[in-house]
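Naming convention: chains lettered A, B, ... in sequence-line order (proteins, then strands); numbering from 1 in each chain. Treat the numbers as computed from the prediction; the structure is a model and nothing was measured.
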Amino acid sequence: MKLEIGRIYIKDIQLGQETSVKEGVLTVDKEGLIAKLKEDERIKDVSLDVAKPGEKVRIIPVKDVIEPRVKIEGGNNGFPGVTSKQAQCGEGKTNVLYGAAVVTVGDVVGFQEGVIDMWGEGAKWTPFSKTYNLTVDISVVDGLTPHAHEETVRIAGLKAAEFVGLAGKDVTPDEVITYEMGSIFEETAKYPNLPKVLYAEMMITQGLLHDTYIYGVNAQTILPALLHPNEELDNAVISGNCVAACDKITTYQHQNNSVIEDLYAQHGKEINFLGCIMVPEHTTLAGKLRVSDYVLKLAKMLGADAVVISEEGYGNPDSDLLMICKKCEKAGIITQLITDECAGRDGMSQPLADTAQEAVAVVSGGNVSHVVTLPPADKIIGNAAAIAVLAGGWDGALLEDGTLMCELNAVIGSTSEIGFHNVTCRLY
Amino acid sequence: MKSIIITNNPAVREKYRNVLFIDGSVEDTLIKVRDMVYQGYELVSHPLAASIRMMYSPYRSVILGRQEAKVDFLYAEIIEDSIIKYKRHTSHRKKDVTNSDDYQMIDLILLEAALSEQQITW
Amino acid sequence: MSDKYKVLYYVNQFFGQVGGEDKAGMAPEYRGEKIGPALGFEGLLNKNGEVVGTIICGDNYFNENKEKALDFILGTIKDIAPDVFVAGPAFNAGRYGVACGEISKAVAEKLNIPVVTGMYMENPGLDICKEVAYVVRTSDSAGGMRKALPIMAQIADKLAKGIEVGPPEEEGYIPRGMRKTIFVEKRGSQRAVEMLLARLKGQPFTTEMPMPVFDIVEPAPAIKDLSKATIALCTSGGIVPEGNPDHIQSASAQKWGKYDIAGRDALNAPDFYTTHGGYDPVYANEIPDRVAPLDILREFEKEGYIGKVYDFFYTTTGTGTSVSKAKEFGTQIGAELKAAGVDGVILTST
Amino acid sequence: MVKEIERYGIPIVHMATITTISESVGANRIVPTVAIPHPVGNPQLNADDEHALRKALVKKALDGLATEISQPTHFE
């Protein structure tokens, strides 16, 4: 499978009358996009805005972040199985508006969180302060069920990314990155002496606001599935997960999965990268046991020497992570875990309550309870009232001047468990 | 289905029959689950949700299965760890009452997702 | 003068140049001068800070009159209001270390004044204060003074000026057990791949989330002949004689109890009950033997399956009891059992 | 407590319900017990059955003390 990602560097973003990229400036046809999104009768209103790195702007509550892209060759444009007809992802050519992002905003339920600060202290904690963001705030018609509401917002974000992405159709990319890998047999024949490494990517798949989709299939219903890494890098995986702000994998992070990129970089040099197993995280223990057995079985069938396991979320998925780790290590397959931790506000607690001796190699994305102080913004995109929710119901969290104290768990992408960000914890 | 739902969520009590309703906090609910696990009940669903935000929910529902003669130590370990984690996240927070209805609804929806998994073997 | 920050120093009778073991009973005193290590310490602060005085207390006095000593010491410190408090270093001296540890903890927690001290890794005072004070890693004897003081001074200087103290390995203190959230140069996925490659090649790597390390004790050899063995019964289930004569706490136990059971066939209600605050006591209070099965052991004794049940029964409560306390209990109880020639122990927990 | 007593060379058997904790405190000989409020008993059984259960548990513990082991071992 061969995928060429053409990066068109975006240096600015503005709303206008047409959708285009000129000299790195992305212009979005405001009315055109609103009209396009309103084709969905469930949408009452759409409000578009832009947020640029360095501006004193706060976006809240963020639902998802999506990279705008356009398919140039092979497959279908958009998100196959969702916004377009089923097609094979991961082949051909795709242009991306590199440095731009569509950020969907809006409440499905009242306790939603997820903040992106574009400047200062808050900007350090989220990777999405460095992207030029087109914010899409969706309000829906009355009487929608929560499921329909969530779906409306999710699809609107994807459609917006598709609409904006078209601007890159006829633009020559600034940089082209090729992701190419033959069959497992071919690659193993090429690199017979390199250790075979799998990537097991855990996904939250537990119901409303806690879902992930592959080609539009709700991953709650699947057994762990083998994906070619190119498929995920090419729009096959979508986030429907809007409550684990700090450690969820947004659609953008699926499209640019950092573990896949960094494993790819070593493919043929230090390792033989076999592919990705998409691992659903179930609510039931039976589901967790089944999934961990299944991952081990796939790893064995593929002859893996090592598995990189990344978690999504916090709480019950910790059990899945350690189950997979234990089973693999006992079977002689090396594991490398990526997770985040709760060491308490003061950092004095033991990070993992459930410990496993087998978990010897762990990367930490940081302490989800670390408190950050965010100064007041000049402008708030989204729902200013959500800030009180985000502060999280403890004294002194929201000061009168608008200064906000919150735990990292409210900041989008801050403690990424696919290692997308550069935060960690160290013993002091 | 031979399961019992241990819950402090009124919306769950209204909708299901096989409910042991706890008139109390999430912590009370988890402690009841722990006690029952030590009496041999099978832990069908994990006591915690998958996101920190749901850790702040004032409602929680956990599914237990049959009572066996022997305590399953995997279940015991999971419920003990869950209580520790739960306390760590919530000890310094106030209950979010303004969004009670939404929390009830999401807890119910997540419970139903769990109930729809593998009903027959329970 | 006034622009210098204030340091207050604590030493024991020996380093305070009062005397040796014969003076270990001295009550705490405050001297408005630099004594012992305090003298050299000021010189290491590069004229930025001043040691305003020294508190001296006998090691035995402190350990035997902890509350009184702490009262005086905290009162003195409060009056002087130093910017930094420095104690020791205590090296591997146990009583001195415990005194430094207790004082450091109290000063940091109650007065909110930053504290620097120094100890050898195995000093029992370390666990008391390492989470709240900066404890510089020293050698086991006073010979390490020359090395320890500059490190302590450098940390004290930073604390006084409000400069962030760096990671333990750079600054020379013993990790406080705090997980600090920091930014690093490389993103997580890259660190993960590098860690994995190191592991695959058999090279050393450092996990970012170390699992707790337990010190492991080799299993003691088995009892050769049960029928000749003396078995002792212990419990952390809080079973105590009626009235709880030793006032064993229902949680976070500070002590254990030892009761003569020589003439007893069982731990019957109401002579015994549980004081444990961590579980539903109904079943244990009905039949305390459900927690500590003396009755069954007696049966085995009568049948000759075991030689004898040891005449004393040991008890405490496990819930909320700190690891260091549990360790202390185990050490004390173990010593008694060893001396009594007990061959094996049954410890029950709830 | 377990570890410190065993350090004196006296074999010790830990009868505990939460065996994971038991392992983490360093017990080498472990007998899993019935439930937290009644580790060595079961009030749901009739007197005879409970006695038999209790006797069996204690016997396991005693036999554990008489068994040579080289690593943490559960006697079930």
Side-chain angles (χ1 to χ4, degrees), chain A residues 124-125 127 195 197 257-263 265-266 270-271 305-306 308 310 334-344 346-352 355-367 369-370 372 408 414-428, chain C residues 105 108-109 112 127 129-135 137 155 158-159 164-214 216 322-323:
Chain A
K124 291 196 301 193
W125 295 103
V197 179
N257 188 307
S258 49
V259 178
I260 293 179
E261 284 181 356
D262 291 339
L263 285 173
Q266 296 300 331
E270 299 275 2
I271 59 166
D305 299 300
V308 178
S310 67
I334 281 177
T335 60
Q336 170 67 50
L337 313 188
I338 313 176
T339 180
D340 55 7
E341 59 186 283
C342 176
D346 52 6
M348 296 306 285
S349 301
Q350 186 69 47
L352 280 175
T355 51
Q357 285 172 322
E358 291 85 355
V360 292
V362 186
V363 160
S364 167
N367 177 7
S369 290
H370 179 77
V372 289
L408 274 189
S414 56
T415 64
S416 168
E417 293 173 288
I418 60 163
F420 197 80
H421 204 28
N422 57 345
V423 175
T424 188
C425 275
R426 201 164 280 167
L427 191 65
Y428 265 62
Chain C
K105 181 173 191 263
E109 286 180 348
N112 218 3
D127 279 345
C129 69
K130 72 165 186 209
E131 291 188 357
V132 289
Y134 288 91
V135 185
R137 187 192 297 263
I155 296 175
K158 285 192 173 173
L159 289 171
E164 196 169 332
V165 179
E169 55 277 17
E170 276 173 32
E171 302 271 2
Y173 63 93
I174 297 167
R176 311 169 80 194
M178 182 174 79
R179 303 283 299 163
K180 191 167 175 175
T181 301
I182 56 167
F183 288 96
V184 285
E185 194 193 325
K186 291 173 182 164
R187 67 181 181 181
S189 51
Q190 197 182 344
R191 304 199 306 274
V193 171
E194 286 174 7
M195 199 184 294
L196 175 69
L197 292 182
R199 208 178 159 200
L200 282 169
K201 290 178 188 163
Q203 293 166 350
F205 62 94
T206 312
T207 178
E208 295 178 2
M209 211 188 277
M211 293 293 149
V213 194
F214 299 110
I216 295 162
S322 67
V323 175

So which part of [X] gets closer than 4.5 Å to some heavy atom of chain C, the side chain, the backbone, both or neither?
| X | result |
| --- | --- |
| A:Leu263 | both |
| A:Asp346 | backbone |
| A:Val259 | both |
| A:Leu427 | both |

CA sep, side-chain torsions, deciding dist, call: A:Val360, C:Arg199, side chain to side chain contact (heavy atoms under 4.5 Å, CB included):
CA-CA 10 Å; A:Val360 292; C:Arg199 208 178 159 200; 3.5 Å; yes
Separation between CZ of C:Arg179 and NE2 of A:His370, rounded to the nearest 0.5 Å:
13.0 Å
Give, for atom CE of C:Met209 and atom CG of A:Asp340, the distance between the pair rounded to the nearest 0.5 Å.
7.0 Å
Counterpart residues, ring-ring contact (aromatic ring centres under 6.0 Å, His included), relative to C:Tyr134 (two or more places apart)
C:Tyr173
Can you tell me which portion of [X] sits under 4.5 Å from chain A's heavy atoms? Options are side chain, backbone, both or neither.
| X | value |
| --- | --- |
| C:Glu194 | neither |
| C:Val184 | both |
| C:Lys180 | both |

With sequence neighbours excluded, residues passing side chain to side chain contact (heavy atoms under 4.5 Å, CB included) with A:Asn422:
C:Phe183
Minimum heavy-atom distance between C:Val165 and A:Tyr428, given as atom pair plus value:
O-CE2, 3.8 Å
Could you tell me which non-hydrogen atom of C:Phe205 sits nearest to which non-hydrogen atom of A:Ala361, and how far apart they are?
CE1-CB, 3.8 Å
In terms of heavy-atom pairs under 4.5 Å, which option from C:Val193, C:Ile182, C:Leu200, C:Leu197 contacts chain A the most?
C:Ile182
Indicate yes or no for a side-chain donor-acceptor contact from C:Arg187 to the backbone of A:Ile418 under 3.5 Å, with no hydrogens or angles considered.
no
For A:Val362, is there any backbone N or O sitting under 3.5 Å from a side-chain donor or acceptor partner on C:Thr207?
yes
I'd like to verify something: which residue of A:Asn367, A:Leu408, A:Thr424, A:Thr335 has the highest number of heavy-atom pairs under 4.5 Å with chain C?
A:Thr424
